[in-house]
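Proteins get letters first, then strands, A, B, ... in listed order; numbering begins at 1 in each.
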Amino acid sequence: MPDDLRVQIQPLHELIRAMGLPLISHDGVEADDVLGCLAIKAAQAGFQVVISTGDKDMAQLVNEQIMLENTMSDTRMDVAGVVAKFGVKPEQIIDYLALIGDSVDNIPGVPKVGPKTAAKWLEQYGTIDNLLAHANEIKGKIGDNLRASIEQLVLSRQLATIQVDLALPYALDDLKKQAIDTARLTELLTQLGFSSWLKTLNQQPLVTTPVQASLVEDSLIPDYEAVLTQQQFDTWLHELMQAPVFAFDTETTSLDYMTAEIVGVSFAVTSGKAAYVPLAHDYPGVPEQLNRDQLLTALKPLLESPEHLKLGQNLKYDSHVLANHGIQLRGIAHDTMLASYVLNSTASRHNMDDLAKYYLGITTIAYESVTGKGVKQIGFADVPIEQATPYAAEDADITLRLHRVLQQKLSQHAKLHQLYTELEIPLISVLARIERNGVLLDTDMLAKQSLELSDQIIALERHAHDLAGQPFNLGSPKQIQDILYEQQKLPVLKKTPKGQPSTDESVLQELALSYPLPKAILDYRSLSKLKSTYIDKLPQQVDAKTGRIHTSYHQAVAATGRLSSSDPNLQNIPIRSEEGRKIRQAFIAPAGYQLVAADYSQIELRIMAHLSADAGLLHAFSAGLDVHKATAAEVFGVEPERVTQDLRRSAKAINFGLIYGMSSFGLAQQLGITRAQAQTYIDMYFDRYPGVKQYMDSTRELARTQGYVETLFGRRLYLPDINAKNAALRQYAERTAINAPMQGTAADIIKRAMLACDQWLTSTQSDAKMIMQVHDELVFEVAESVLDKSIATIRELMSSAAVLSVPLVVDIGVGANWEQAH
DNA sequence: GGGCGGTTATA
DNA sequence: GTATAACCGCCCG
């Protein structure tokens, strides 16, 4: 055993014990044999057994009760799976292995015989014994090899055979899972740096069911039905039409909402009972399914009816999928993902599997366990209906059960319930429309920019190599580190969290004042970022059918209540640098239309004014002053007209710092001043704006006593670390406590504005569309004929989305492209 | 291919 | 000092 492997064994054993998993260590026998013995013993006692291993030898143990689980692909192999993979039955695996040999296990095998030949022989002759009885029928060199190996094959078979009859001193009870030793496990995971597992560990289920040894069968047997006949479907449709609300889910061909097609749909009306209607499964021997188009036509009135209420998990996706088949989903009453998010936005994930575990204590069938994952993953249409049905029907059933639990919890918090019903639920359809609308992209312009940037990047690369005196990969921080700090001996100004000398932007900027190479690296980094992330990537993400870019907005990701955007992220399109801004020129309006960009001016500071009710701040906004200038005048004690650009810049940093819950340290870094100086600025600020000081103190206090903070509309953000002993954790929670009400209230307000704008657009059928949201900005594509009227309406709707004690000012720009509209 | 670290784009 | 998403390099199995 290599030394670096040897040292891992003991920590691994400790981890396993702390996890409550029984650990068996038995000298003098093969681990495979121990596994085999226990598996057989459990199977004989009537259990279903799953052996988790990548070892193909174990395939010889597979039978009706024993399966192999491959944790790399999250798939399980049964008898049919063994035949599919090896071409022989489980009971032939020993002979199969003996024939092909295995260098790792020192099984010699027959020369020139590989998997194909072995499977072919065994199919024909059944066993090695019978094969040898007919050995003279095998022609050629390979036949000679076989006949020469007769004696060796006896040994090979012994070596390949897993001993299942060892006398082991273990009872099945010894295999039961024990309780997790949370304290010990936390200690080990921290010490070993398993940060992701630490997070998982902290998300203990709300419902603590007695530990289910996977050996014990579940008592509740759900009634899941595959709907294959018209009669079955009619019965279900009738029930759905009568139901006050039903759970609904789709299975599709793709995760890409614009191209996904329906493979099947599932429904549930009562707990424990659900139907899966397969519609487009496609594999050899697939049974006859109901016709997809006809069935969807039959379902259309129900799905489009606002009176028939639906609930689901992430219904925005199902809404898109149905739209791909010409159905406009209406009557969205509940979404378990959003209920979970509103109840606790700091939970890291709101997917159904985790929710089921947390709220119901149920382990659901994982998607990957029916489709596999990675390269081996198959589409849902390729999944046999017998396997698809329990998975898909369970989705609808569990969603329904989750819904009941979540509603019960939401009903205990009037404000959260209102936020959920009146804001998040109606927003689903609005976001779906924005996503579907998409944005038009000038790909020719980006192609030109790409060529120009390529030249510049190559030149910068050459320049940097010259300065370094050797070629190196400018994209590798590790190599840059070596060049700057090892070879050129530049001073180390900052270290990464891992203790390596940092090469990030702030460091290179500082170094660039005295040395040439850091500047070249900075320029290279900024240009290659623009090229790879935006200029080259965006054109590839244009939808083939619509010719537009369709982002995904995530409604249950950001803890503060903000949306996030991905694939592509349209909320971080460059604007600050000259070259970056050019990318915005490629976001265009079609002929006859203009882009209208409307953003809230200083919304978070205005919210701070409102929440703190500070007289000075309220006055600044009510009088329509330049707030940074006003702050500068107050803090630096000069007349407003004497405020220089430099003073204004400092005041702006202070204002932003306040929103982020700053410390003097952070402000000092931002402004390049000493900590003492920064502290005097902050002291002066709080002296001039005492209401703000008071608000910050009381917010921190409130967070400490109740464990969460709220936005103006009652959205909650929990702060479990607010009373932590660890100062870093506690201070971080304090900064979040300060920031979340402001960032979150801004998010609530723009969501309200989005509902209002959508209401206006859909009710008037105006020739205008909402196409993007960037936290404090909404972008519209508006027909020139209705431009002026639309601008006025947008301004009115956004300004009145909330009533604060200061005006909500909206700045609006218009242009043929997004850059011009700013 | 997956996970993670380092870095950088936005509000 | 807040909140995100995504890229590349590197390491691992």
Handout entry: Length of the CG-P vector between A:N572 and B:dT8, whole Å
Key = 14 Å
Problem - Under 4.0 angstrom between A:R576 side-chain N/O and B:dT8 OP1 or OP2 - result: no
Exercise for the section: Describe the nucleic acid contact of A:L667 in one word from base, sugar-phosphate, nothing, applying a heavy-atom distance below 4.0 Å. Expected result: base
Practice task
Take atom CZ of A:F656 and atom P of B:dA11, then tell me their distance rounded to the nearest Å.
Solution key: 9 Å
Exercise for the section: For A:K478 and C:dC11, give me the distance from atom NZ to atom P, rounded to whole Å. Expected result: 4 Å
Practice task
Find the distance A:Y524:OH to C:dG9:C1' and express it as a whole number of Å.
Solution key: 11 Å
Exercise for the section: Would you indicate, yes or no, if B:dA11 has its OP1 or OP2 atom less than 4.0 angstrom from a side-chain nitrogen or oxygen of A:Q773? Expected result: no
Practice task
Return the value, rounded to whole Å, for the distance between atom CD of A:Q481 and atom C1' of B:dG5.
Solution key: 11 Å
Exercise for the section: Ignoring backbone atoms, establish whether A:S663 has a side-chain N or O less than 4.0 Å from OP1 or OP2 of C:dG1. Expected result: yes
Practice task
Scan A:S476 against the nucleic acid and name what it touches under 4.0 Å (heavy atoms): base, sugar-phosphate only, or nothing.
Solution key: sugar-phosphate
Problem - Euclidean distance, atom CG of residue A:D811 to atom P of B:dA11 [Å, nearest integer] - result: 14 Å
Fill in the blank from the handout: What residues 500-510 of chain A contributes to the DNA chain B interface at heavy-atom separation below 4.0 Å is A:S502, A:T503, A:D504, A:E505
Practice task
Mind listing the closest non-hydrogen atom pair of A:H554 and A:V557 along with its distance?
Solution key: CB-CG2, 3.4 Å
Exercise for the section: Work out which heavy atom in A:I749 is nearest to a heavy atom in A:L804; give both atom names and the distance. Expected result: CD1-CD1, 4.4 Å
Practice task
For A:R562, report the nucleic acid contact type (base, sugar-phosphate, nothing); a contact means any heavy atom under 4.0 Å.
Solution key: base
Exercise for the section: With heavy atoms under 4.0 Å as the rule, sort A:N473 into base, sugar-phosphate or nothing. Expected result: sugar-phosphate
Exercise for the section: Pick base, sugar-phosphate or nothing for A:G657, based on heavy-atom distances below 4.0 Å to the nucleic acid. Expected result: base
Practice task
Please state whether the phosphate of C:dA5, meaning OP1 or OP2, lies under 4.0 angstrom from any side-chain nitrogen or oxygen of A:Y534.
Solution key: no
Handout entry: Ion pair check, A:K316 and A:E435, cut-off under 4.0 Å
Key = yes
Practice task
Check A:E710 against A:G714 and note the closest heavy-atom contact, atom names and distance.
Solution key: OE2-O, 4.1 Å
Practice task
Give, ordered by number, those residues of residues 741-754 of chain A having at least one heavy-atom distance below 4.0 Å to an atom of DNA chain B; if nothing qualifies, reply none.
Solution key: none
Fill in the blank from the handout: A:N739 has its side chain closest, among C:dA3, B:dG6, B:dA9, to C:dA3
Exercise for the section: Would you mind classifying the nucleic acid contact of A:A653 as base, sugar-phosphate or nothing, using non-hydrogen atoms under 4.0 angstrom? Expected result: base
Practice task
Would you mind classifying the nucleic acid contact of A:K498 as base, sugar-phosphate or nothing, using non-hydrogen atoms under 4.0 angstrom?
Solution key: sugar-phosphate
Problem - Pairs satisfying side-chain hydrogen bond (donor to acceptor under 3.5 Å, both in side chains), at least one member in residues 520-531 of chain A, at least two apart - result: A:T503-A:R525, A:K519-A:D523, A:K531-A:D536
Exercise for the section: Check every strand shown and say whether A:R525 touches a base, only sugar-phosphate, or nothing at a heavy-atom separation below 4.0 Å. Expected result: sugar-phosphate
Practice task
State whether A:R704 and A:E701 are salt-bridged, where the test is any N-O pair (Lys NZ or Arg NE/NH1/NH2 against Asp/Glu carboxylate O) under 4.0 Å.
Solution key: yes
Handout entry: Any A:T533 side-chain N or O less than 4.0 Å from OP1/OP2 of C:dC7
Key = no
Exercise for the section: Nearest whole angstrom, please: distance from the C1' of C:dG1 to the CD1 of A:I673. Expected result: 14 Å
Exercise for the section: Give A:I659 one of three labels, base, sugar-phosphate or nothing, depending on what nucleic acid heavy atoms sit under 4.0 Å from its own. Expected result: nothing
Practice task
Using a heavy-atom cut-off of under 4.0 Å over every strand shown, decide if A:A559 touches base, sugar-phosphate, or nothing.
Solution key: sugar-phosphate
Problem - Whole-Å gap separating C1' (C:dG9) and CZ (A:F472) - result: 14 Å
Handout entry: Value rounded to 0.5 Å, distance of OG1 in A:T560 from CZ in A:R715
Key = 8.0 Å
Handout entry: Shortest non-hydrogen separation from A:A821 to A:L595 and the atoms involved
Key = CB-O, 3.8 Å
